[in-house]
Amino acid sequence: MTNLQLIEENYMEKKEKLYEGKAKIVYSTEDPGLVIQHFKDDATAFNAAKKGTVANKGVMNNKISTKIFQFLEKEGIPTHFEKYLNDREMLIKKVEIVPVEVIIRNKAAGSLSRMLGLKEGAPLAATVLEFCYKKDELNDPLINEYHIKALRLASEEEINQIKRYTLKINELMSKFFANLNLELIDFKLEFGRYKGKIILADEISPDTCRLWEVGTGKKLDKDRFRHDLGNIEEAYQEVLSRIEK
Ligand code: UDP
């Protein structure tokens, strides 16, 4: 196939902007069941109290997310991923996002360290699964399954499915990154409803995972931006290069 054919095959007309978030924009397409997810270079942290841009971040996160979604699909996890379109865009299924962020923690870091007074990198005797209510005005508060039911954010059946997928994804992704000599410390997932079923949505990238190099403990994720550690672009590029090897 020539380059031009490839570009034509991957071309999808953007109709209208449906939503613009901190790091991504979603556009409608001529197909009502599919939308385009566009990755920006904008970075925010601490609920947008800190703002900036990271050169090329959108391109790198689009590529990293694509590879991870393809890997998870191959391993039997249903995702919204349809197709890589170009540097900054992927075609995805249009879902109704469940307004709950699901976090897995394999070691203590970030808000868990702060909340429980644990040293960064402290081992946990068991994997921790947390839910946060996706609500910027409230700072995405930590909630539990009772809150989810009380606010009708998801049904019990949906919560159970989300937990099963999340724990499986943790097993799969921990191995995936271990093979690249990276330790998956924690990550955040979002799920959506599609044709009555729960599927994995959003993105999986160094914006949403903590990844530490095995041996050196070097941080190759958004903590470099959060805490001004420098070399952010290089860190994301390092993750991408290892995935593409
Ligand atoms: N995370 C995310 N989006 C959020 C909150 C957290 O992607 O809105 C990710 C974050 O990058 C980390 C994990 O979820 O990999 C746990 O984040 P934590 O609760 O420790 O929050 P932080 O300390 O980053 O504010």
Side-chain angles (χ1 to χ4, degrees), residues 14 17-27 35-69 84-90 92 97 99-105 107-115 120-121 130 132-142 173 177 180 182-190 201-213 216-244:
K14 295 201 274 280
K17 193 193 277 192
L18 296 178
Y19 162 86
E20 177 155 9
K22 293 167 213 156
K24 298 187 291 292
I25 308 173
V26 175
Y27 297 95
V35 293
I36 292 172
Q37 173 158 262
H38 176 105
F39 289 75
K40 302 190 284 183
D41 288 346
D42 297 344
T44 60
F46 312 115
N47 200 27
K50 182 179 169 78
K51 288 192 179 121
T53 60
V54 176
N56 250 349
K57 177 170 80 76
V59 175
M60 298 185 285
N61 281 355
N62 185 33
K63 291 183 178 169
I64 293 168
S65 256
T66 292
K67 291 281 187 188
I68 297 177
F69 282 139
Y84 176 88
L85 293 176
N86 57 59
D87 266 7
R88 287 184 184 274
E89 291 167 349
M90 59 167 68
I92 57 174
I97 289 283
V100 171
E101 297 187 339
V102 190
I103 293 174
I104 282 280
R105 301 179 183 274
K107 279 191 174 169
S111 67
L112 184 77
S113 288
R114 290 193 294 275
M115 180 173 77
E120 248 221 349
E130 293 173 353
C132 292
Y133 182 21
K134 249 173 89 74
K135 196 96 182 154
D136 284 340
E137 311 90 276
L138 302 176
N139 250 323
D140 296 348
L142 185 65
M173 290 217 305
F177 284 115
L180 308 176
L182 297 171
E183 185 175 5
L184 181 60
I185 301 297
D186 60 27
F187 60 92
K188 184 262 307 180
L189 300 177
E190 292 183 30
D202 196 49
E203 68 173 294
I204 301 182
S205 71
D207 271 7
T208 64
C209 301
R210 282 195 171 89
L211 295 165
W212 295 359
E213 187 176 49
T216 65
K218 186 173 173 197
K219 293 181 168 142
L220 297 174
D221 56 55
K222 193 166 147 184
D223 270 347
R224 303 204 76 82
F225 171 77
R226 287 189 190 97
H227 305 299
D228 299 312
L229 302 178
N231 297 323
I232 315 172
E233 189 186 348
E234 289 77 2
Y236 282 57
Q237 184 54 54
E238 179 64 38
V239 173
L240 176 59
S241 303
R242 288 186 193 207
I243 290 176
E244 283 183 335

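Keep in mind it's a predicted model, so treat the numbers as computed, not measured.
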Aromatic F225 / basic K50 pairing, under 6.0 angstrom, 45° off normal:
yes

Flag the pair [X] / [Y] as yes when at least one side-chain heavy-atom distance between them is below 4.5 Å, and no otherwise.
| X | Y | value |
| --- | --- | --- |
| I25 | Y19 | no |
| Y236 | N231 | no |
| V26 | H38 | no |
| E233 | M60 | yes |
| E190 | K134 | yes |
| M90 | Y84 | no |
| L220 | L182 | yes |

Step by step, work out the side chain to side chain contact (heavy atoms under 4.5 Å, CB included) result for I204 and L189.
CA-CA 7 Å; I204 301 182; L189 300 177; 3.8 Å; yes

Nearest heavy atoms of [X] and [Y], plus distance in Å:
| X | Y | answer |
| --- | --- | --- |
| C132 | L142 | SG-CA, 4.1 Å |
| K40 | G21 | NZ-O, 2.9 Å |
| D87 | N62 | O-ND2, 2.9 Å |
| E120 | G110 | OE2-N, 4.0 Å |
| K57 | D41 | N-OD1, 3.1 Å |
| K222 | T44 | NZ-O, 2.7 Å |

At what distance, to the nearest 0.5 angstrom, does [atom1] of [X] lie from [atom2] of [Y]?
| X | Y | atom1 | atom2 | answer |
| --- | --- | --- | --- | --- |
| F39 | I64 | CZ | CD1 | 10.0 Å |
| D228 | D223 | CG | CG | 11.0 Å |
| F177 | C209 | CZ | SG | 5.0 Å |
| S205 | K24 | OG | NZ | 7.0 Å |
| N47 | E137 | CG | CD | 9.0 Å |
| D186 | L112 | CG | CG | 8.5 Å |

For E213 and K219: C-alpha separation, side-chain torsions, deciding distance, then whether salt bridge (Lys or Arg N to Asp or Glu O under 4.0 Å) applies.
CA-CA 7 Å; E213 187 176 49; K219 293 181 168 142; over 6 Å; no

Sidechain-backbone polar pair: [X] side chain, [Y] backbone, donor-acceptor under 3.5 Å:
| X | Y | result |
| --- | --- | --- |
| N56 | V59 | no |
| R224 | G230 | yes |
| R242 | L180 | yes |

Looking only at side chains, do S111 and R105 share a donor and an acceptor under 3.5 Å apart?
yes

Using distance alone, with no hydrogens and no angle criterion, decide if E238 and S241 have a side-chain donor and acceptor under 3.5 Å apart.
no

Would you say that more than 12 heavy atoms from the other residues, nucleotides or ligands in this model lie under 6.0 Å from the NZ of K22, or not?
yes

In terms of heavy-atom contacts, does NZ of K218 have more than 12 from other residues, nucleotides or ligands at under 6.0 Å?
no

Do you know which of D202, D207, D140, D221 makes salt bridge (Lys or Arg N to Asp or Glu O under 4.0 Å) with K188?
D202

Step by step, would you call R210 with F187 a side chain to side chain contact (heavy atoms under 4.5 Å, CB included)?
CA-CA 6 Å; R210 282 195 171 89; F187 60 92; over 6 Å; no

